[in-house]
There are 2 protein chains.
Amino acid sequence: MPTIKDVAKKAGVSVTTVSRVLNNRGYISDATRQKVHQAMEDLNYQPNELARSLYRQKSNIIGLIVPTVSHPFFGELVSRIEYYAFRAGYKILLCNSHLEQEKEKDYIDMLRRNQVDGLILGSHTLDVEEYVLSKLPIVTFDRCISDAIPYIASDNYEGGRIATTLLVEHGCNKIAHISGNLELDLLANKRYEAFVEVAEENDVEHVNIETSINVFDDTQYEKIIFDLFKAHQDIDGIFASSDVMAAYAIKVCHTFGRKVPEDVKIIGYDDINIASLMMPSITTINQPIDEMGELAVELIIKQIEGKKVPTKNIFPVTLVKRETA
Amino acid sequence: MPTIKDVAKKAGVSVTTVSRVLNNRGYISDATRQKVHQAMEDLNYQPNELARSLYRQKSNIIGLIVPTVSHPFFGELVSRIEYYAFRAGYKILLCNSHLEQEKEKDYIDMLRRNQVDGLILGSHTLDVEEYVLSKLPIVTFDRCISDAIPYIASDNYEGGRIATTLLVEHGCNKIAHISGNLELDLLANKRYEAFVEVAEENDVEHVNIETSINVFDDTQYEKIIFDLFKAHQDIDGIFASSDVMAAYAIKVCHTFGRKVPEDVKIIGYDDINIASLMMPSITTINQPIDEMGELAVELIIKQIEGKKVPTKNIFPVTLVKRETA
DNA sequence: TTTCATATGTCAATCGGTTGACATATACAA
DNA sequence: TTGTATATGTCAACCGATTGACATATGAAA
């Protein structure tokens, strides 16, 4: 790898001059600038960002922790975050925590060692102290850690109300909610709260099942939903906390010989690509993934630049009516 | 952020001693080691990897370029790659090229500036020179760039034969293949070759449609497949080059009132999670994503360590029979 | 008593690039 | 002629950690 010295030698100027060209500082004649650029091109020179970051005390790297990008919601979210980050001159160090607390802690330490400028958390097992202690700019998804740490979420409560109301309007008599693990202190739990409230307001029988802490084991989804149906054969409406869960619910309905939407109405959450791809296509609550990713990047960069940002960032949700309800 | 000097001061030893503890070099008494560790803990010290990487000329970062992690195949693959990389002490800088040549070039430059130790390419638009020129350890997926650059692929030809043969055995009379863009010099094109060969060996009428270069625009998939069906109403078998495409094919069949698998047999490729989730569940050719990800990490690390690795790494594929064929 | 393994310290160079202070030189305008 | 904006160079310090050379001190074995 050529260094700035090689460029200086090749261009017949001093290292300082090359640095001035590189950083647009001081006076440089067009001729010199040309020479330096030519030398950089000839050598295929790329400035060593490690050295620059070390000096500048800024790496332009954002650490991104998600449960796993193999889950389509996080795949889509990460894709958008990376897009906007790159556009703003930042790079993404990707971490898949698989919701393991130990691994998440290791990741945070690793990211600190690597001097990331900020942290975006689409994950959520850790206790608060850990984050606070890290003293890094942080943005979280769907989790309110403290007054000081900004978070981004969809309007979970409203989403829950809309979905449950739709089930009620469809005349469902016994509805179920499939939630993530409610022990995790997530804002997504408000979907559950709304579900219960709307059900009770309307005197509709309702049950809830929780997936366990390791939420992204697909085979587990199926089993849990299967058990739900076995225990409650008369369920005729389901509000699933993700489209993936909704898809599994459709599948399980099928194995029980129950037609969707004729016998059972199903509503998902997220509105990921596969929601429209499934057959029947999934009626769902849309989270604006692109905008949420964009804002995450914006909020983290503003914090890095020392600006104040709002703590609470709730995006409106919309009902996307398709075939399952 | 505390530095090694702060630790030294706190522990009442010299910087050299702390460094010796940190790197397990030279003689250190247990007592001193204890003191140093205590100081590091008290200060919540994390060594600055930028500085270490700069000195060591090694960043332990792997650059990973894929079209986009929002595509489930790459989401699953990236998840596995990151898993194995982290386990081996490497970090992943994630890049979504969206198959844009310009962006891919920018990414490669960026990764070089950031001193990545190696490059894993799940993407493929660039001309060869660019890679060779970068002189980095590289592993590619599904693309043979040169004799010197190792690649990983599933046995595309065999997969194509198995899939097409199955369609023929099902008695299909007119079969279609939905491929990616064949102008990209991908090994996946062998699926197409196998498709044509098996069709001709068996005297079965066959057509092919290509998706255009920007492969991951989902709305485009649907339109292309729709047009295919409009042009060839009598198609009764489809071999799609990915499960996502297969899913769209199912959907389009539905809009044309054609039943799957009764009227049209469909076979996908990849065996991503949603293949089993779809209804009907997709019969597909399994690529061992986990093993492929593991090998990618192994091959890149071996190269980083200066070891020789085999160029050609083909994984066997298996037919996963489900409901669509 | 000598010798040597153990234990720790000081010092300076290095990784690659940035920056401020300061010197010097040219050209043009006042 | 003087002053000043432009242009470039030299030099050293710095970012945080690593390392080799070398000094020094202690305790135990020979």
Side-chain angles (χ1 to χ4, degrees), chain A residues 1-40 43-61 89 109-117, chain B residues 1-40 43-61 89 109-117 135-136:
Chain A
M1 275 289 204
T3 71
I4 196 172
K5 281 183 198 157
D6 301 318
V7 175
K9 193 173 295 176
K10 180 106 184 177
V13 299
S14 72
V15 166
T16 305
T17 299
V18 176
S19 179
R20 287 204 255 256
V21 170
L22 226 36
N23 298 288
N24 260 313
R25 291 178 50 258
Y27 296 113
I28 299 114
S29 68
D30 277 354
T32 305
R33 196 185 300 272
Q34 281 278 109
K35 270 194 305 185
V36 171
H37 278 134
Q38 188 60 51
M40 296 198 297
L43 295 169
N44 193 18
Y45 169 76
Q46 298 286 348
N48 185 327
E49 287 294 331
L50 255 32
R52 301 178 118 185
S53 298
L54 181 59
Y55 182 85
R56 296 197 217 274
Q57 306 273 64
K58 177 151 191 286
S59 65
N60 273 43
I61 298 180
D109 286 344
M110 180 275 276
L111 293 170
R112 287 187 59 218
R113 282 198 299 277
N114 284 276
Q115 314 297 119
V116 299
D117 294 334
Chain B
M1 275 286 204
T3 71
I4 197 171
K5 280 185 199 155
D6 301 318
V7 175
K9 193 174 295 177
K10 181 108 186 174
V13 299
S14 73
V15 166
T16 305
T17 298
V18 178
S19 178
R20 287 203 256 255
V21 170
L22 226 37
N23 298 288
N24 260 311
R25 292 177 51 258
Y27 297 113
I28 300 112
S29 69
D30 277 355
T32 304
R33 195 184 301 272
Q34 281 279 111
K35 270 194 305 185
V36 172
H37 279 134
Q38 189 59 52
M40 296 196 299
L43 295 169
N44 193 16
Y45 169 77
Q46 298 286 348
N48 184 327
E49 287 294 331
L50 254 32
R52 298 179 122 187
S53 298
L54 180 59
Y55 182 85
R56 295 198 220 273
Q57 306 271 65
K58 178 153 190 290
S59 65
N60 273 44
I61 299 179
D109 285 344
M110 180 275 274
L111 293 170
R112 287 187 58 217
R113 282 197 298 278
N114 284 275
Q115 314 298 119
V116 298
D117 293 333
K135 281 190 184 160
L136 274 171

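In what follows, chains are A, B, ... by sequence order, proteins preceding strands, each numbered from 1. The structure presented is a predicted model; accordingly, all values stated were derived computationally and were not measured.
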Output yes when at least one side-chain N/O atom of [X] is less than 4.0 Å from OP1 or OP2 of [N], else no.
X: B:Arg56; N: D:dT18; result: yes
X: B:Ser29; N: C:dA7; result: no
X: B:Tyr45; N: D:dG16; result: no
X: B:Arg52; N: D:dT18; result: yes
X: B:Asn48; N: D:dA17; result: no
X: A:Gln57; N: D:dC14; result: no
X: B:Tyr27; N: C:dT6; result: yes
X: A:Ser19; N: C:dT18; result: yes
X: B:Thr3; N: D:dC15; result: no
X: B:Arg113; N: C:dG16; result: no

Once you apply a heavy-atom cut-off of 4.0 Å, does [X] come out as touching a base, just sugar-phosphate, or nothing?
X: A:Leu22; answer: sugar-phosphate
X: B:Ile28; answer: sugar-phosphate
X: B:Val18; answer: nothing

First of A:Pro2 and B:Val15 reached from the 5' end of DNA chain C, by closest nucleotide
B:Val15

Side chain of [X] (C-beta onward), nearest among [options]:
X: B:Ala51; options: D:dA17, C:dT18, D:dT10; result: D:dA17
X: A:Thr32; options: D:dG16, C:dG16, D:dT8; result: D:dT8
X: A:Ile4; options: D:dT19, C:dG17, D:dT10; result: C:dG17

Between [N] ([atom2]) and [X] ([atom1]): distance, integer Å:
X: A:Asn114; N: D:dA17; atom1: CG; atom2: C1'; value: 14 Å
X: A:Arg25; N: D:dT8; atom1: CZ; atom2: C1'; value: 13 Å
X: B:Asp30; N: C:dT6; atom1: CG; atom2: P; value: 13 Å

Without hydrogens or angle criteria, can the side chains of A:Asn60 and A:Arg52 be said to hold a donor-acceptor pair below 3.5 Å?
no

Under 3.5 Å, is there a donor-acceptor pair between the side chain of [X] and the main chain of [Y]?
X: A:Ser59; Y: A:Ser53; result: no
X: A:Asn23; Y: A:Arg25; result: no
X: B:Asn114; Y: B:Leu111; result: no

Student check: side-chain heavy atoms of A:Gln115 and A:Ile61 closer than 4.5 Å
no

State, yes or no, whether a side-chain contact exists between A:Leu22 and A:Met40 at a heavy-atom distance under 4.5 Å.
yes

Between the base of D:dG9 and the side chain of A:Arg20, is one N or O donor paired with an acceptor at under 3.5 angstrom?
yes

